[in-house]
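Here's the structure we're looking at; comments come further down.
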Amino acid sequence: MFPLDRRQFAASSFGGLAALMAMPTVLVRQPVVPDPITVVAPFKPDTLFLTWQRDPTTTMTAQWVGEWDATDDPTIYYGPTARTFFDTSPLKWDTAKTTATPFPQTELINFRSELTGLSPGTEYRMKIGRNSPTYKFRTMPAKATNELTFVSGGDCGVNPHAIENNKQAAKQDPWFAVIGGDLAYDNGTSPKTYLSWLRNYSKHMVDTKGRMIPMICCLGNHEVKGGYSKSRSDAPFFFAHFDGLYQDASYAALDFGDYLSLILMDTGHASPIIGAQTDWLDRTLRERTERPHLIVVNHVPCYPSFRAAEGPAGKLGTGEEQRKNWVPLFEKYNVDLVLEHHDHTFKRTHPMKDGLKDKNGILYLGDGSWGQLRNASKSTARSYIATASTSYHLTVHRIEAEQRFHMALEEGGKIVDICRTEKKVRRKG
Ligand SMILES: [Fe+2]
Ligand SMILES: [Fe+2]
C-alpha cells in the first residue's frame, strides 16, 4: 500500500478514464411512437434500482416498489444499446418476466426481474412494459483487462449529505456501488425511511452517460430491529430486496467472472460471527485464492476509528470478535483489502498483520460516513490508524491490471486521501 499525491493520481487516472469512456459509436433509436390516442403518462417508478444475485458479467436484476396496479405490464424489455449507423432494422427487445411479492409492512408490492444470459461488458437499454422511459445499464466485463472503477461507502441515511455523496459517487462513472451496511437507518421498522433512501439512490445514482449504477449491499445493525444477534426476519426491507444474493445466509460471496470476488460479511446482526459464518469464510476464501482481486466488506470495523477497540472489564470491544476469528483468516489467505464502516469517519489503517504494522499486511479502509459523521480527532492516536478525518465521504476504487488505487472523496469532491494496493501472493491455506 503506497500513499500517492494528488498529481500522481490524476496523471494515472484521467488518461485511463478517457479510455474507459471510449465506447463504440452507437446510434440509438427509440421504439415506434404509439398512436397518440393511446399515449398515457409514462410509467416511471421512483424506487427503480439495479443489483445482482449472481455473476455481474452476464446478469442484472431490476427491482422497484410500487402499487399493485400502477402498470398493467411489468415485463422488462431489453436489448443491447449498440447499433451501427447502417443498421436500420427495427430495434429488437428481449423480454424477462417480473415477479411480484408483498413489500413488508406496507400495502405495496416489490417487483423483481432478473435478466440472464447477457453479454459481458455490454451497454443495454431497458424498459418496464412499453410505456416507461428507456433506461440504460452495463454488464461487467468478462475480464479485468482494462481499468475498472467502482465506489464504496456505508452509513448513508436520507439527509442532504447522503444525497450529495450519491451525486458525487455518480459523477465518478462507477461500474457499481458497494454499500457496507446502515443503508437507510430504518431499523427494520420504518418502510417509509427505507423507501426514502431508495428513492434518493434511484434518482441520483445514474452516471454521466445516463446509465443506472447497480448497488451491492451488506447488512448493518440499522437494517435490523434490535441491531445485533437477531434473525433475517428482523431485517425485512433488506432481505425483501437482497435475498437473491443472500439466499442461504445473511453473508455471501459475489464473484465477477474469475477476476474479482466481494466477500460480504454479517458482523453479528442476523448471524453470529463465530461458528458457521467463520467456517464459511475459511472455505470461501480458500476457494478464491486464485482471484486477482479479493475484497472483504464488513459493517462493524475490525479496526475501529471511533468506538473503543477494547471493551471494559469482561466485555468485548468493537470488532474484537472479528479480530479473533476473521482477521487470522484474512491474513491466512492474504486478502487484498477490507472495506469497513459503522464508525462514521474516514479512516485508513496501516497495513496490518498479527495486530501490528507490517508492510506486507492488510489495509482496512472505512469507516462509513456516506451520510453520518463522528469526530475523528482522536482516531490517529490509535497505533493501527494511519490517517483519519471527520469527513462525509465515499471511496473511489480503480483497478488497473495488478494494482488498485483508492481515493476517498468528500461530498463536495475534495480529495481526502489516496493510496494504492498491489497484487498479492496468496497461498491456499
Ligand atoms: Fe451507522
Ligand atoms: Fe452501524
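Remember, it's a predicted structure, so these values are computed and weren't measured experimentally.
Judged purely by distance below 3.5 Å, without hydrogens or angles, the side chains of Thr99 and Arg112 never pair a donor atom with an acceptor atom. In summary, the side chains of Ser250 and His269 do not present any donor paired with an acceptor at a separation below 3.5 Å, with no hydrogens or angles considered. In this structure, a donor-acceptor pair under 3.5 Å is present between the side chains of Thr75 and Asp73. Side-chain contact of Asn375 with Ser377: a donor-acceptor pair under 3.5 Å is present, judged by distance alone. Using modelled atom types, one finds a donor on one side chain and an acceptor on the other under 3.5 Å when comparing Gln172 with Gln168. No side-chain donor-acceptor contact under 3.5 Å links Gln277 and Ser271. Side-chain contact annotation: Ser119 with Thr122, donor-acceptor N/O pair under 3.5 Å absent. No side-chain donor-acceptor contact under 3.5 Å links His299 and His341.
Counting heavy atoms from C-beta on, the side chains of Ser389 and Glu410 never come closer than 4.5 Å. Contact check for Phe43 versus Pro74: no side-chain heavy atoms found under the 4.5 Å cut-off. Residues Arg323 and Cys302 have side chains in contact (heavy-atom distance under 4.5 Å, counting atoms from C-beta outward). Between Gln372 and Asn159, the closest side-chain pair of non-hydrogen atoms falls below 4.5 Å. Counting heavy atoms from C-beta on, the side chains of Leu264 and Phe242 never come closer than 4.5 Å. The shortest distance between side-chain heavy atoms of Lys203 and Ile163 does not fall below 4.5 Å. Taking the side chain as every heavy atom from C-beta outward, Leu409 and Lys414 never approach each other to under 4.5 Å. Side-chain contact between Leu48 and Ile128: present, with at least one pair of heavy atoms (C-beta onward) separated by less than 4.5 Å.
Closest heavy-atom contact between Lys230 and Asp234: CB-OD2, 3.2 Å. When all heavy atoms are compared, the tightest approach of Arg125 to Thr81 is N-OG1, 3.4 Å. Residue Ala96 comes nearest to Ser113 through the heavy atom pair CB-OG, 3.5 Å, listed as atom of the first residue, atom of the second, then distance. The minimum heavy-atom distance between Ala144 and Tyr259, with the atom names listed, is CB-CD1, 3.4 Å. Across Ala388 and Thr380, no two heavy atoms sit closer than the pair N-CG2, 3.8 Å. Between Ser369 and Phe346, the closest heavy-atom pair is OG-N, 4.0 Å.
When each of Ile295, Leu294, Val297 is tested with Ile263 by the rule side-chain contact (heavy atoms from CB on, under 4.5 Å), just one qualifies, namely Leu294. Between Phe137 and the options Val206, Leu118, Ile213, a side-chain contact (heavy atoms from CB on, under 4.5 Å) holds for only Leu118. Applying salt bridge (Lys or Arg N to Asp or Glu O under 4.0 Å) to Arg291 and the options Asp255, Asp336, Asp258 leaves one that passes, Asp255. A side chain to side chain donor-acceptor pair (under 3.5 Å) with His342 is found for exactly one of Asp155, Asp367, Asn221, namely Asn221. Remark: of the listed residues Phe238, Trp52, Tyr251, Phe238 is the sole one forming a ring pair (Phe, Tyr, Trp, His ring centres under 6.0 Å) with Tyr246. Between His406 and the options Thr395, Asp417, Thr421, a side chain to side chain donor-acceptor pair (under 3.5 Å) holds for only Thr421. Applying side-chain contact (heavy atoms from CB on, under 4.5 Å) to Gln63 and the options Thr98, Leu50, Leu198, Asn110 leaves one that passes, Asn110.
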Could you go through the ring-ring contact (aromatic ring centres under 6.0 Å, His included) check for Tyr135 and Tyr124 one step at a time? CA-CA 8 Å; Tyr135 301 97; Tyr124 281 84; over 10 Å; no
Can you list the steps and then say if Trp197 with Asp186 is a side chain to side chain contact (heavy atoms under 4.5 Å, CB included)? CA-CA 9 Å; Trp197 168 77; Asp186 57 74; over 6 Å; no
Between Thr106 and Tyr194, is the side chain to side chain contact (heavy atoms under 4.5 Å, CB included) condition met? List the steps. CA-CA 12 Å; Thr106 69; Tyr194 180 83; over 6 Å; no
Let me see the working for Lys332 and Leu285 under side chain to side chain contact (heavy atoms under 4.5 Å, CB included), right down to the final yes or no. CA-CA 9 Å; Lys332 178 180 176 184; Leu285 292 178; over 6 Å; no
Apply ring-ring contact (aromatic ring centres under 6.0 Å, His included) to the pair Tyr364 and Tyr303, showing each step before the final yes or no. CA-CA 7 Å; Tyr364 296 75; Tyr303 289 100; 4.7 Å; yes
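Taking the centre and axis of the six-membered ring of Trp175, the NZ or CZ atom of Arg211 falls outside the cone set by 45° and 6.0 Å.
Put simply, the side chain of Asn187 never gets that close to the backbone of Thr189: no donor and acceptor are under 3.5 Å apart. With hydrogens and angles disregarded, a donor-acceptor distance shorter than 3.5 Å links the side chain of Arg382 to the backbone of Pro304. Side chain of Ser391 to backbone of His393: no donor-acceptor contact under 3.5 angstrom is found. The closest donor-acceptor contact from the side chain of Asp55 to the backbone of Gly257 lies under 3.5 Å. Side chain of Arg404 to main chain of Cys419: no donor-acceptor pair is present (N/O by atom type, distance under 3.5 Å, no hydrogens or angles). Without hydrogens or angle criteria, Glu223 side chain to Gly220 main chain gives a donor-acceptor distance under 3.5 Å. In this structure, Asp343 contributes its side chain and Arg307 its backbone to a donor-acceptor pair below 3.5 Å.
Between the NZ atom of Lys347 and the OG1 atom of Thr387 there is a distance of 12.0 Å, given to the nearest 0.5 Å. In this structure, CD in Glu290 is found 9.0 Å from CZ in Arg426, a value given to the nearest 0.5 Å. The CE atom of Met212 sits 12.5 Å away from the NZ atom of Lys136 when rounded to the nearest 0.5 Å. How far OH of Tyr384 is from OG of Ser379: 8.0 Å, rounded to the nearest 0.5 Å. Between Trp326 atom CH2 and Thr267 atom OG1 the span is 6.0 Å, to the nearest 0.5 Å. Rounding to the nearest 0.5 angstrom, the gap separating the OG1 atom in Thr149 from the CG atom in Asp173 is 8.5 Å.
Checked against the 6.0 Å centroid criterion, the rings of Phe176 and His397 do not qualify as a close aromatic pair. Note: His293 and Phe256 fail the aromatic proximity criterion, with ring centroids not under 6.0 Å apart.
Ring-plane geometry between His344 and Tyr185 is classed as perpendicular, the angle between the planes exceeding 60 degrees on a 0 to 90 degree scale with a lower cut at 30.
Dense packing is recorded around NZ of Lys424, with more than 12 heavy atoms of other residues, nucleotides or ligands lying under 6.0 Å away.
Shown here are the salt bridge (Lys or Arg N to Asp or Glu O under 4.0 Å) partners of Arg199, two or more places apart in sequence or in another chain: Asp46.
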